[in-house]
Amino acid sequence: MATTINTPLTPNSNCIATATFANGNLTQLSFQTGGIAYWSPSVSANFTTAKLAKSAGNDSVTFLAGLTATYISQTSSSYMITLNGEIQDAGTIYPIVGLSLGTFTIPG
């Protein structure tokens, strides 16, 4: 059974993290504005870091190159995903430092 967490990032953007717990706790991320995904990486115990190579977004919100999602194992039965980087929203740049996109308990 998948677990989904929706995290607001800026006034007009969010990230939906969906943990499937398959293949090393694969977690699909969807960085969105207005319900449209502009970056959809995955992280897991096998691929712990996803870094946005090229800025993506629209006239209102831009996920800036270098935005990085990281899988962090906490215990043998839980992990969290964090976010670092910058998002431009309505002309303002929002620095993101260690923001949790969710803590997930691995089904036992």
Side-chain angles (χ1 to χ4, degrees):
M1 176 188 292
T3 299
T4 299
I5 297 174
N6 186 357
T7 304
L9 303 174
T10 66
N12 297 298
S13 70
N14 64 294
C15 178
I16 297 174
T18 303
T20 64
F21 306 111
N23 301 322
N25 300 319
L26 181 70
T27 303
Q28 178 69 44
L29 305 171
S30 179
F31 291 86
Q32 305 181 354
T33 181
I36 298 171
Y38 287 93
W39 184 41
S40 298
S42 297
V43 292
S44 71
N46 301 321
F47 301 97
T48 58
T49 302
K51 187 172 185 178
L52 181 60
K54 182 179 176 185
S55 296
N58 60 23
D59 291 341
S60 177
V61 173
T62 303
F63 301 99
L64 299 177
L67 193 64
T68 304
T70 305
Y71 174 106
I72 300 169
S73 180
Q74 293 186 303
T75 68
S76 61
S77 61
S78 70
Y79 66 94
M80 73 183 301
I81 308 295
T82 60
L83 184 67
N84 290 281
E86 295 179 329
I87 300 169
Q88 184 172 348
D89 187 331
T92 300
I93 294 181
Y94 292 84
I96 309 289
V97 179
L99 177 67
S100 174
L101 299 178
T103 298
F104 301 91
T105 301
I106 302 165

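Here, residue 1 is the first one in the sequence, and each next residue gets the next number. This is a predicted model, so every value here is computed, not measured.
- Nearest heavy-atom pair across Ser60 and Asn58 is N-OD1, 2.8 Å.
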| Leu9 and Leu101: side-chain contact (heavy atoms from CB on, under 4.5 Å), yes or no, with the steps? | CA-CA 9 Å; Leu9 303 174; Leu101 299 178; 3.9 Å; yes
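- Distance check: Gln32 CD to Cys15 SG gives 8.0 Å after rounding to the nearest 0.5 Å.
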| request: Might you work through the side-chain contact (heavy atoms from CB on, under 4.5 Å) test for Asp89 and Tyr94, ending with a clear yes or no? | output: CA-CA 7 Å; Asp89 187 331; Tyr94 292 84; 3.6 Å; yes
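- Atom-to-atom distance recorded for Thr18:OG1 and Leu26:CG is 10.0 Å, nearest 0.5 angstrom.
- The hydrophobic clustering, which links ILVMFWY residues whose side-chain heavy atoms are closer than 4.5 Å, places Leu29 and Leu52 together.
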| request: Verify side-chain contact (heavy atoms from CB on, under 4.5 Å) between Tyr38 and Val61, making sure each step is shown before the conclusion. | output: CA-CA 10 Å; Tyr38 287 93; Val61 173; over 6 Å; no
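- In this structure, CG in Leu64 is found 4.5 Å from OG in Ser55, a value given to the nearest 0.5 Å.
- Note on Phe63: it clusters hydrophobically with Ile36, by side-chain heavy-atom contacts below 4.5 Å among ILVMFWY residues.
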Could you list the donor-acceptor pairs under 3.5 angstrom formed between side-chain atoms of residues 66-74 and any protein atom two or more places apart in sequence or on another chain?
from, atom 1, to, atom 2, distance (Å)
Thr68, OG1, Gly66, O, 2.7
Tyr71, OH, Asn25, ND2, 3.1

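- Side-chain atoms of Gln28 and Thr20, non-hydrogen and from C-beta on, never get closer than 4.5 Å to each other.
- Nearest heavy-atom pair, Ser42 versus Ala50, reported as atom, atom and distance to 0.1 Å: O-CB, 4.1 Å.
- Shown here is Asn23, whose CG atom has no more than 12 heavy atoms of other residues, nucleotides or ligands within 6.0 Å.
- Linking Ile, Leu, Val, Met, Phe, Trp and Tyr whenever their side-chain heavy atoms come within less than 4.5 Å puts Ile5 and Tyr79 in one cluster.
- Distance check: Thr7 OG1 to Phe31 CZ gives 9.0 Å after rounding to the nearest 0.5 Å.
- When all heavy atoms of Phe104 and Ile81 are compared, the closest pair comes out as CE1-CG1, 4.0 Å.
- Phe21 CZ to Thr105 OG1: the interatomic distance, rounded to the nearest 0.5 Å, is 7.5 Å.
- A donor-acceptor distance shorter than 3.5 angstrom exists from the side chain of Thr33 to the backbone of Asn12, with no hydrogens or angles considered.
- To the nearest 0.5 Å, atom CD1 of residue Ile87 and atom CD1 of residue Ile96 are 4.5 Å apart.
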